[in-house]
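Working notes, beginning with the structure itself.
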Amino acid sequence: MLNFKIETRLIEAALRVLSDADPSLLKIRPCPNPKFGDFQTTGLMPLAKRRGLNPREVAEEVIRNLDVSQYCSRVEVAGPGFLNFHVKKEAIEEVVSEAARGEHIFSPKAEEPKTIVIDFSSPNVAKPMHVGHIRSTILGDCLARLFRFLGHKVITDNHIGDWGTQFGKLIVGWKTRLDTQRLENDPVGEMERIYREINSECERAPSILESARGELVKLQNNDPENIGIWRRMIELSRHQFESTYHRLGVEFDHMLGESFYNSRLNNVIAELQSADVVRESRGALVAFFDEDPILKEHPAIVRKSDGAANYTTTDLATLDYRVREWGADKIVYVTDSRQQLHFRQIFKIFEAWRREVETEMVHVWFGSILGEDGKPFKTRSGEVVRLSELLDEAEERAQCVVEEKNPGLTDNEKERISRIVGIGAIKYADLLPNRQSDYQFSWDKMLALNGNTAPYLLYAYARIRSIFRKSGDASAGELGARDGGAARITLATPEEVALARQLSCFGMTLEAVAEDYRPNYLCNYIYELAGFFTQFYEKCPVLKAEPEIRRARLRLCGVTAEVLKTGLEILGLEVPEQM
RNA sequence: GCGCUCGUAGCUCAGUUGGAUAGAGCAGCGGACUUCUAAUCCGCAGGUCGCAGGUUCGAAUCCUGCCGAGCGUGCCA
């Protein structure tokens with residue numbers, strides 16, 4: 001809030017000096033070193049440079065047009081043209097007090113809420129969910145939570161793989177070698193098994209492949225029996241999806257799979273033809289991108305030579321539906337890096353097809369998860385790791401730690417904490433690295449009690465809650481608590497000021513995350529916040545302090561807990577009251 | 001061949017329009033518990049940011065070339 005107020009004034013002043021300045025360049029951010037001040041902007045330097053002006057002179061001129069005396073004790077030009085803001089302690093006290101009164105949590109709501117569709121997770125029917133789905137699911141869910149928090153209308157859609165050639169083989173397997181007992185016990189495992197068997201048999205027995213094709217055609221022609229089997233497979237798979245999503249705390253507004261768009265594909269193809277964005281080539285219908293240097297060599301097929309549509313067609317139909325039916329201002333796809341080319345293609349085709357549409361299309365891609373040997377993450381026997389088993393292990397490992405560190409808890413508490421810590425550790429480890437890098441999966445690192453990990457952060461939160469339990473006043477730290485709510489929190493020590501200053505940066509961090517779709521900024525912010533809190537915790541007694549200081553510190557703790565909790569919840573983590 | 005991404009401390013990783021002295025954690029060394037939970041904290045040590053040029057007041061970040069890795073590249077998704 002504080003920073004946004006200063007930013008607004010800065011932009012006004014800069015526009016008075018340079019009327020055509022781009023306000024988006026004039027962000028303020030924390031100084032890299034406190035000796036320079038509290039906040040700074042570097043944006044005036046490129047602004048001056050482009051106009052051939054002296055950056056220091058421009059900065060001086062902006063200062064002359066700038067009145068932030070309400071918030072700052074000093075604003076100065078430094079080096080080649082940095083503008084450094086030294087914030088008044090009273091201004092920080094005020095913004096933290098506002099938060100303590102429940103007026104805001106350092107983050108303004110979007111002025112123009114947008115409708116944002118987020119497409120993520122997208123597992124396949126009849127296959128187990130595995131580690132390959134985890135990043136999309138966790139990252140997508142986090143982005144959905146973030147944009148909702150920022151005040152946008154978010155629509156999450158799970159575009160499950162419920163159609164395609166694999167169903168021919170699956171139906172053959174279902175009809176000829178289904179083990180109903182196994183299906184009862186482990187439906188997805190059984191579907192996976194029959195698929196594998198048929199798939200390997202197809203390689204040596206052409207007759208099986210032939211019958212798979214036959215079953216696929218029957219399915220496509222609405223044969224009642226095959227449709228029934230197909231529906232049953234989807235239903236069984238959905239149960240598995242739901243149980244995994246429930247454990248992860250992930251929910252979807254829609255689960256419109258590929259099959260949902262079947263009836264629209266022919267129409268899409270016809271429209272693409274009349275819009276002149278595709279043409280016949282080698283028997284297929286193909287979109288070419290002659291004018292695009294990158295896509296020039298990579299045409300996209302929208303109808304195969306056998307007449308069938310493919311995933312490009314389905315994705316175009318999906319885009320069209322989301323724009324038409326939901327009025328999406330923005331559509332975000334969260335998938336792995338290997339699909340970059342595909343999304344470039346469909347975005348390009350869609351732009352050419354629906355020229356009037358202004359929907360922003362974003363591909364938020366991520367790298368892969370590697371094992372500790374640096375190779376793709378697999379089990380010891382080389383199988384893909386099932387997501388459900390991964391979650392089991394996370395909870396088990398967390399339980400061992402809880403058992404060791406806090407044996408006095410009840411079984412119920414231990415179980416709850418293990419779940420929060422275990423699942424939280426998986427999620428946090430996934431969100432912490434820059435999404436575009438591959439990262440090494442490591443149980444020891446994600447469950448470490450030190451460093452930038454879920455247990456460390458959850459512990460910081462639990463410690464604050466512990467203070468409140470011992471304070472004898474349950475509402476002592478609650479935001480908006482009436483007791484002392486009107487009085488301004490006074491910050492007496494450098495640790496308190498540093499903590500409060502960090503709290504005030506919450507909103508600008510969220511803004512940066514939303515801008516780049518990078519939750520790791522938020523992870524780092526929360527880790528730093530926990531660090532500032534710990535320094536405060538070491539140096540500044542709360543419960544033993546004099547009544548007035550005690551009350552102020554309790555309220556500062558309350559705001560800290562709230563920001564920690566809110567930040568962690570945006571990441572998709574739950575927080576424990578104790579650990 | 002072409003394209004995308006990457007190469008930062010012994011290891012795993014950060015590094016927000018180019019911005020001030022490149023940061024964490026682990027591992028190593030040395031300290032701090034009759035505590036508001038030590039599941040913690042403090043200190044020390046550790047880097048020619050793959051290599052070579054270029055642009056700039058300023059480059060880990062932008063451009064060019066080279067070396068190395070992963071992925072993708074017309075009928076899978």
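Each chain gets a letter, A, B and so on, in the order the sequences are listed, and its residues count up from 1.
Comparing the C1' positions of U8(B) and C51(B) gives a spacing of 14 Å, expressed to the nearest Å.
Considering only side-chain atoms of Tyr456(A), the nucleotide from G74(B), C41(B), C6(B) that sits closest is C41(B). With G74(B), A14(B), C76(B) as the candidates, the nucleotide lying closest to the side chain of Ile301(A) is G74(B). The listed nucleotides are G15(B), U37(B), G70(B); the one nearest the side chain of Tyr521(A) is G15(B). Here the side chain of Gln535(A) is nearest to one of U16(B), C42(B), U12(B), namely C42(B). With distances taken from any side-chain atom of Arg282(A) to the nucleotides A39(B), C75(B), G15(B), the minimum falls on C75(B). When distances run from any side-chain atom of Thr534(A) to the nucleotides C41(B), A39(B), C4(B), the shortest one goes to C41(B).
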Problem - Step-by-step ring pair (Phe, Tyr, Trp, His ring centres under 6.0 Å) determination, Tyr311(A) to His342(A) - result: CA-CA 9 Å; Tyr311(A) 69 116; His342(A) 169 67; 4.2 Å; yes

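The residue Asn310(A) sits close only to the backbone: its heavy atoms come under 4.0 Å of sugar-phosphate atoms, none of a base. Within the 4.0 angstrom heavy-atom criterion, no nucleotide atom of any strand lies near Pro455(A).
At a cut-off of 3.5 Å, with distance as the only test, no side-chain donor of Asn310(A) or Lys304(A) sits close to an acceptor on the other residue. For the residue pair Glu496(A)/Thr493(A), the side-chain donor-acceptor check at 3.5 Å is satisfied.
In this structure, Arg279(A) forms a cation-pi arrangement with Phe288(A), its terminal cationic atom sitting closer than 6.0 Å to the ring centre and no more than 45° off the ring axis. By the 6.0 Å and 45° rule, Arg463(A) stacks over the aromatic ring of Tyr537(A).
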Exercise for the section: Sugar-phosphate atoms are those with a prime plus P, OP1 and OP2; base atoms are the rest. Using that split, label each nucleotide of nucleotides 17-27 of chain B B, S or - for protein heavy atoms under 4.0 Å, 5' to 3'. Expected result: BBBBB--SSS-

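In this structure Arg213(A) satisfies the salt bridge (charged side-chain N to carboxylate O under 4.0 Å, His left out) test together with Glu210(A), sequence neighbours excluded. Shown here are the side-chain contact (heavy atoms from CB on, under 4.5 Å) partners of Arg56(A), two or more places apart in sequence or in another chain: Asn54(A), Glu60(A), Val77(A).
In this structure, G68(B) forms a base pair with C6(B), meeting either the Watson-Crick or the G-U wobble geometry with both donor-acceptor distances under 3.5 Å.
Considering only side-chain N and O atoms, Lys539(A) lies nowhere under 4.0 angstrom from the phosphate OP1 or OP2 of C41(B). Applying the 4.0 Å criterion to OP1 and OP2 of G15(B), one finds that Asn434(A) has a side-chain N or O inside that range.
Remark: the Tyr459(A) side chain and the A39(B) base include no donor-acceptor N/O pair separated by less than 3.5 Å.
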